[in-house]
Number of protein chains: 2
Amino acid sequence: MPTDIPTDLDDEIAVLLRRAEQRYTTGRRRLVAALHNGEGPLTLGQIMAAEPTLPQSSVYRNLTILEEVGIVTRIVTNGDFARYELAENLTEHHHHLICTNCGDVADFSLSGRVESTLDRALAESARTAGFTPTAHRLDLLGTCADCG
Amino acid sequence: MPTDIPTDLDDEIAVLLRRAEQRYTTGRRRLVAALHNGEGPLTLGQIMAAEPTLPQSSVYRNLTILEEVGIVTRIVTNGDFARYELAENLTEHHHHLICTNCGDVADFSLSGRVESTLDRALAESARTAGFTPTAHRLDLLGTCADCG
DNA sequence: ACCAATAATGAGAATCATTTCCAAAAGTCC
DNA sequence: GGACTTTTGGAAATGATTCTCATTATTGGT
Ligand SMILES: [Zn+2]
Ligand SMILES: [Zn+2]
Ligand SMILES: [Zn+2]
Ligand SMILES: [Zn+2]
């Protein structure tokens, strides 16, 4: 399963890169494929396990570039190392289940009703603090099914 | 303003440390005071600015120990460096306004009603994923008043 | 297809927040 | 005080991430 990206996602990414005067090279496409195939945000180790022939320095460099362009989001859950996933523009708004035992991270979503309630409350809190919000980030901490 | 901790907080911390067979030394008390006096979670630099005579290695070591004992929470908002605050056991449940421009972090709270709605929804999501939740973490990302 | 001109690659070296070492200092208990 | 255990602090080590730079790939014009 080398390059397994839906055509429309691939096109969207191509547009974003071209707009930023960046090229959509094979290495970057393989990186995007690894992130797309992964369940939840991936560590560098997990990316390299999926694409072992991609050099580490290129993966790091391209993750940084893809993040600047708005294709990738970098996540730091706990000190050890960062995780990367496709940006919400390209996927869907979601949150993370973080296992405090094994460190694994999985995605989950809330209903539109709860998200609305939350957004309203957050907007109000922001207003009283003179803060201009652009996004929220919500994680659930606990123990995953495997570590049960 | 060297050692400015409310007596009951100080006592609570003393109990937690004794329970863990750790001593409540002067250095640890000064560290706790710096965290208590700070508005929002502090970086190591901010802690050292508040207590310049505390050696860096001792601050790091004691932050780790205080975190293990449940007195301090370590927060990583974005790759650069970690921030530390007193654990919610010793303060109150709250969330963070994170300025994506200057990196500053401030506290805020939601109403009990919103927190309940959220907790119910999160519990439901956790259940369907076989995940055992212990806490949630919610940040609002955007631009702070200073960066307006 | 060929040729510049420009951008991306990859292997290793450098960075820097954080951790670890270990001999000296401080606290504890009798 | 003396023996024992924990903590301290300065310096060295660690390790994820970033930077360097010579080589390679890609683009656009001819
Ligand atoms: Zn787990
Ligand atoms: Zn949400
Ligand atoms: Zn700001
Ligand atoms: Zn909450």
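The sequence lines fix the lettering, A, B, ..., with proteins before strands; numbering per chain opens at 1.
A heavy-atom distance below 4.5 Å is not found between the side chains of A:V105 and A:I75. In this structure, the side chains of A:H95 and A:L110 come closer than 4.5 Å at one or more pairs of heavy atoms. Two residues are said to be in side-chain contact when any heavy atoms from C-beta on lie closer than 4.5 Å; A:T43 and A:Q46 meet this criterion.
Going from atom CZ of A:R18 over to atom P of D:dT27 covers 10 Å, rounded to whole Å. Note: CZ (B:R74) to P (C:dA17) measures 13 Å, nearest angstrom. Atom-to-atom, CD of B:Q56 to P of C:dA17 comes out at 9 Å; the value is rounded to the nearest Å. Between B:Q46 atom CD and C:dA17 atom C1' the separation is 15 Å, expressed in whole Å. The interatomic distance linking A:Y60 (OH) with D:dT17 (P) rounds to 3 Å, in whole Å. Note: CZ (B:F81) to P (C:dT15) measures 18 Å, nearest angstrom. For the pair A:D80 CG and D:dT17 C1', the interatomic distance rounds to 14 Å; values are reported in whole Å. In this entry the distance linking CG of A:L17 with C1' of D:dT27 reads 15 Å, nearest Å.
Screening residues 13-36 of chain B for ring pair (Phe, Tyr, Trp, His ring centres under 6.0 Å) gives no qualifying pairs among residues at least two apart or on separate chains.
Residue A:R127 holds its CZ atom at 11.5 Å from CG of A:L122, rounded to the nearest 0.5 Å.
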Query raised in the report: What does nucleotides 7-12 of chain C look like as a protein-contact string, B for base, S for sugar-phosphate only, - for none, at under 4.0 angstrom between heavy atoms?
Result: SSBBBB

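Between A:E67 and A:R74, none of the side-chain N atoms (NZ, or NE/NH1/NH2) sits under 4.0 Å from a carboxylate O, so this pair counts as no salt bridge.
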